[in-house]
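Bear in mind that the values here come from a model prediction, so they are computed numbers and not experimental data. Per chain, numbering begins at 1; letters A, B, ... match sequence-line order.
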Number of protein chains: 2
Amino acid sequence: MPDLTLEDIAAKVGVSRSTVSRVLNGHPNVRKEVRERVLAAIEQTGFHPNAAARALASQRSWTIGLLLPHSVSLFFTDPYYPHLVKGIAQACNHLDYTLAFFLVDDKDDEERIFSRVSRNGFLDGVLVQSGHHGDQRIIGRLVDARIPQVVVGRPMRSDNVSYIDMDNVHAAYTAVSHLLRLGRRRIATITGPEQSTVGVDRKAGYVKALGERDLPVDPALVVEGDFTEMGGYYSMQALLAARPDAVFAASDIMAVGAIRAIHEAGLRVPEDVAVVGFDDLPLAAMTDIQLTTVRQPVVSFGYRAVELLTDLIQSGDPSPRHVIMDTKLIVRGTCGALARK
Amino acid sequence: MPDLTLEDIAAKVGVSRSTVSRVLNGHPNVRKEVRERVLAAIEQTGFHPNAAARALASQRSWTIGLLLPHSVSLFFTDPYYPHLVKGIAQACNHLDYTLAFFLVDDKDDEERIFSRVSRNGFLDGVLVQSGHHGDQRIIGRLVDARIPQVVVGRPMRSDNVSYIDMDNVHAAYTAVSHLLRLGRRRIATITGPEQSTVGVDRKAGYVKALGERDLPVDPALVVEGDFTEMGGYYSMQALLAARPDAVFAASDIMAVGAIRAIHEAGLRVPEDVAVVGFDDLPLAAMTDIQLTTVRQPVVSFGYRAVELLTDLIQSGDPSPRHVIMDTKLIVRGTCGALARK
DNA sequence: AGTATAATTGGAAGCGCTCTCAATACTCGT
DNA sequence: ACGAGTATTGAGAGCGCTTCCAATTATACT
């Protein structure tokens, strides 16, 4: 039954190849009765048009790529990624695009993948999960190759590139302001890597909130984390020497590690040290955690990224666009706000 | 610079289209000097052959699909998946295949995705992550459509399908025997879902180990889990009423939940209740967990799955093949074996 | 009824590559 | 130096679809 062609359907129905093609592509100018006969034949034979032939003739593959460079190791520790992928996959399903998945592991891979990605006619566009300094190279190469591209997370050098990002500065600002409003004054922070825009931006929000109250930024209260639970744990151990009364962690998973360190030091959350995380992944709401955190709409983020990219592809307009998504502070137990009631 | 064709390269070098094609595909019969000139021209112009045209002419797309049906929700809670995907992605890179990613969310998606997957010429083959009863339908449809397929995890009905699986029965048997050898007699188990082969097989291993020592299987010591941390937690709470002195959890993440429940009940691990998990994901080795567990080579599992599929594709032989991979018991703190020293 | 106009259809030329086949160029043995 | 055998090359016919263009048919309007 396989390997039917358009022609077979045409012959079966008694029309030309062109007409069947029109039906397939939803062209308006086909007589209703003919359209139905064609559709019936397709249905009955289980015909599926050949994707390669279609792509070749129409110069559109209806496939987009997702590149995960540099973040590979995080892909396995940070639940952020599966959620992002979910949003992206959903959008692809709804918009009838296929998603090609590229995990860039090392330098060697970059070459292979780049050549695969830039094979003409294979991808209509590319999503690059990034925000890390080390990804500039590949983003630049993609720009040079004129492959429609949306960076998921603001890239370090964002000129000439379309991207979608969270309002990280403002989100962090809100989180830290919340702690300040609750009376905390020695607020520490476990940042993301300095090499990532996320790390830089969330730290900037922290600094801004302190600055607005004329509080100094104490270097002893700032530690660079790596978005892992272990990283959060060790960072917090280091911070405890400076006797903070609160900590803002740039991710939930680091906040979980931080809480572990605080408990091990014999201190209580939130009484001794208030904690605010970032992400609002399911783990944040777990019964014994109840993390106050910043909710990022990660799934919609992925979804919007695809929409942005497909818009870009449809329009053919190469001028870069930017989308910034809102976040929201979710108040739970670890910041101490609820205990006051 | 883009949209070069084979012909352009041929013209530039002064040879025919065919010769350039031969160079591109590594055919032997090309004069060395010519090959080098062609290669130089390709390098210099940055030419990339059109993937669609290639696929159309050669009837091979060098793309395989990965279908994740039914397990969607687990994809976000169980770190098993990212690791599996890593192995698959790595193999694809090395074997020069592209990976198309399909997350089957609901019934509606199944239709869309199935029609996308079965578009002729788009995929050379498909990997279906499964082992769940609910996936039979899609596996069957794929068989009917004669699309080369490897099921990752043994499917419920495994006739006519190639699959790759772990030695789950034996692994569980080993884990439980280990607990028995340590003198535990009231060994409970938190199984995987009854609807999954993994759930069924690991439970079978548990039963086998007890049987071998003529111990009865006490229904009060068997609870069906769902591979989530919460599920492990609640399952363990239920089990504690039956006063077990050990528990074998069918996944690490459930074991972590179980440990939390044990601690909350004021009991110690391993003194009061020994715990063995399954997976050996990084979390198992975390300082305050030190989980004794069964190591599954998840990354290689994914890798081998791809190898199996591509072999299948190359050979064109549709007769089903099966690969079973070995697991290994990793003894750490939670089973109590180390405390004896 | 007759013409202008619009809707519908078929024909045919590609899209950029692979691959068979026949033609040409080269090798070696005698 | 010549023919058999082998290595190298080019021509050309597709792969299965889209899409422009021209031809045909249906519809509207006078």
Side-chain angles (χ1 to χ4, degrees), chain A residues 1-39 41-42 45-63 98 115-116 118-124, chain B residues 1-39 41-42 45-63 98 115-116 118-124:
Chain A
M1 216 56 48
D3 288 284
L4 285 168
T5 74
L6 250 196
E7 203 104 31
D8 297 329
I9 303 294
K12 194 174 159 75
V13 178
V15 294
S16 77
R17 181 163 67 242
S18 318
T19 299
V20 179
S21 174
R22 285 188 195 98
V23 171
L24 230 40
N25 295 291
H27 268 86
N29 291 346
V30 178
R31 217 164 6 122
K32 194 174 173 197
E33 180 260 345
V34 172
R35 175 188 309 280
E36 275 158 9
R37 263 163 49 218
V38 171
L39 250 20
I42 291 175
T45 54
F47 165 71
H48 290 276
N50 181 298
R54 260 186 140 165
L56 179 58
S58 67
Q59 307 286 33
R60 297 275 268 105
S61 66
W62 293 93
T63 300
T98 294
S115 91
R116 202 107 42 80
S118 53
R119 278 221 246 288
N120 285 313
F122 178 56
L123 296 177
D124 289 344
Chain B
M1 216 56 47
D3 289 284
L4 286 168
T5 73
L6 249 196
E7 204 102 32
D8 297 328
I9 303 294
K12 195 175 159 73
V13 178
V15 294
S16 77
R17 180 164 69 242
S18 318
T19 299
V20 179
S21 174
R22 285 191 194 97
V23 171
L24 231 39
N25 295 291
H27 276 247
N29 290 346
V30 178
R31 214 163 12 119
K32 195 174 172 198
E33 180 260 346
V34 172
R35 174 187 310 279
E36 275 158 10
R37 262 163 51 217
V38 170
L39 251 19
I42 290 174
T45 55
F47 165 72
H48 290 277
N50 182 298
R54 261 187 140 162
L56 179 58
S58 66
Q59 307 285 34
R60 296 275 268 106
S61 67
W62 293 92
T63 300
T98 294
S115 91
R116 202 106 43 80
S118 53
R119 278 221 246 290
N120 286 313
F122 178 56
L123 296 178
D124 289 344

Under 3.5 Å: donor-acceptor pair, side chain of T63(B), backbone of L123(B): no

Between F47(B) and V34(A), which residue's closest nucleotide on DNA chain C lies nearer the 5′ terminus? V34(A)

Please report the distance, rounded to the nearest Å, between CG in L4(B) and C1' in dC17(C). 14 Å

Taking dT18(C), dG16(D), dG10(D) as options, the one with an atom nearest any side-chain atom of N25(B) is dT18(C)

Quick note, R17(A) side chain, CB onward, closest among dA13(C), dT9(D), dG14(C) is dA13(C)

Measure from CD1 on I9(A) to C1' on dG16(D) and round the result to the nearest Å. 13 Å

Phosphate oxygens OP1/OP2 of dT9(D): is one of them under 4.0 Å from a side-chain N or O of R31(B)? yes

Does S16(B) make a side-chain N or O approach to OP1 or OP2 of dG10(D) shorter than 4.0 Å? yes

For dT18(C) and R54(B) - does any side-chain N or O of the residue sit under 4.0 Å from the phosphate oxygens OP1/OP2? yes

Describe the nucleic acid contact of T5(B) in one word from base, sugar-phosphate, nothing, applying a heavy-atom distance below 4.0 Å. sugar-phosphate

Give the nucleotide from the list dG11(C), dT9(C), dC21(C) with an atom nearest to the side chain of R22(B). dC21(C)

Separation of dT18(C) P from R60(B) CZ (nearest whole Å): 13 Å

Using whole Å, what does the distance between atom C1' of nucleotide dA7(D) and atom NZ of K32(B) come to? 16 Å

Sidechain-backbone polar pair: D124(A) side chain, R60(A) backbone, donor-acceptor under 3.5 Å: no

Should S21(A) be listed as having a side-chain N or O under 4.0 Å from OP1 or OP2 of dT18(D)? yes

Inspect the surroundings of NE2 in H27(A) and state if more than 12 heavy atoms from other residues, nucleotides or ligands are less than 6.0 Å away. no

Between P of dA23(C) and CG of N29(B), the distance in whole Å: 18 Å

Interatomic distance, L6(B) CG vs dG12(D) P [rounded to whole Å]: 17 Å

Respond yes when some side-chain nitrogen or oxygen of N50(A) is under 4.0 Å from OP1 or OP2 of dG16(D), and no when none is. no

Can you identify which nucleotide, out of dT8(C), dA12(C), dT18(C), has its nearest atom closest to the S18(A) side chain? dA12(C)

Distance criterion of 3.5 Å, no angle test: do you see the side chain of T19(B) paired donor-to-acceptor with the base of dG10(D)? no

In terms of side-chain heavy atoms, does N25(A) have a donor or acceptor partner in R54(A) at a distance below 3.5 Å? yes

Would you say S21(B)'s side chain and R17(B)'s backbone share a donor-acceptor pair under 3.5 angstrom? no

What is the distance from NE2 of H27(B) to C1' of dT8(D), rounded to the nearest Å? 13 Å

OP1, OP2 of dC17(D) versus side-chain N and O of Q59(A): anything below 4.0 Å? no

